Amino acid sequence: MSEGRRGRGSGELWLVRHGETEWSRDGKHTSTTDLPLTHEGEEVARSLAPRLTGSFDLVLTSPRLRARRTAELTGHPEAEPDEDLAEWAYGDYEGRTTEEIREQVPGWTVWTHPCPGGETAEQVSARLDRVVERCQDVERALVFAHGHALRVLTARWLDLPATDGRHFRLDTATLSVLGWERESPVILRWNA
């Protein structure tokens, strides 16, 4: 993380996790598979719109359909796709539940074990550090993305290792806000 960022003490980064898909509902790891929102996912995403009013200096979205559609339904069709906001690439574990993976790898979590054919925590961290850098010089940024990616983004905002994202449960179609208390990066609102 850039030393120039510390001490800035202003600005907010608003995070929206996409609405429900069939796989998120069923607990399946979803990264590159481009699934649409369920009907319920669309309805809940629409309900976020009144909470996302006002102006944002920067609006970004993962290029995946589920994040772009959530941005549209909340009134932000102008969101700029940014590949750095894509979900953690799960590789061979794409479309599998944690329980299914643990049948072969006991105790597996994305935070503590590799994803064969996918990304490492360090690779995901490097991508999301670039997002933090993009957002640091604006007063109010809004991003639409995915559960694990946003949890890593939060950890990096707080200057924590990517794997500390495991401490931030994040449900679908929720709003969270990162900001500052004096010179310290903080969570202002979470999973709301």
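None of these values were measured; they are calculated from a predicted model.
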Between [X] and [Y], which heavy-atom pair has the shortest distance, and what is it?
X	Y	result
D84	R130	OD1-NH2, 2.8 Å
L170	S176	CD1-OG, 3.7 Å
H146	S62	NE2-OG, 2.7 Å

Given side chains that start at C-beta, do those of [X] and [Y] come closer than 4.5 Å, heavy atoms only?
X	Y	value
L178	L188	no
T30	E87	no
L13	V177	no
V143	V16	no
W14	L175	yes
Y90	I101	no
V131	W157	no

Practice item. Kindly confirm or rule out a cation-pi arrangement of R66 over W23, judged by NZ or CZ under 6.0 Å from the six-membered ring centre and within 45° of its axis? Key: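 No cation-pi geometry.
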Check: [X] side chain, [Y] main-chain N or O, donor-acceptor pair, under 3.5 Å:
X	Y	answer
H29	W88	no
R64	S31	yes
D57	E139	yes
S125	E122	no
R140	S55	yes
D26	K28	no
W190	R169	yes
W108	P114	yes
E94	A89	no
E80	V59	no

Ion pair [X]/[Y], N-O distance below 4.0 Å:
X	Y	answer
R46	E42	yes
D82	R134	yes
D129	R156	yes
E72	R69	yes

Exercise for review: For E100, look at atom CD and say whether over 12 heavy atoms of other residues, nucleotides or ligands are found less than 6.0 Å away.
Suggested key: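 Above 12, so yes.
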Exercise for review: Go through the steps for T21 and T33 under the test side-chain contact (heavy atoms from CB on, under 4.5 Å), then give the verdict.
Suggested key: CA-CA 11 Å; T21 67; T33 305; over 6 Å; no
Exercise for review: Give a yes-or-no answer on whether the side chains of T112 and T109 include a donor-acceptor pair shorter than 3.5 Å.
Suggested key: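 A donor-acceptor contact under 3.5 Å links the two side chains.
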Exercise for review: Check whether the side chains of T172 and E20 place a donor and an acceptor atom closer than 3.5 Å, and report yes or no.
Suggested key: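 Judged by distance alone, the side chains do not pair up.
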Practice item. Please round to the nearest 0.5 Å and tell me the distance separating atom CZ of R189 and atom OG1 of T174. Key: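 The OG1 atom of T174 is 11.5 Å from CZ of R189, to the nearest 0.5 Å.
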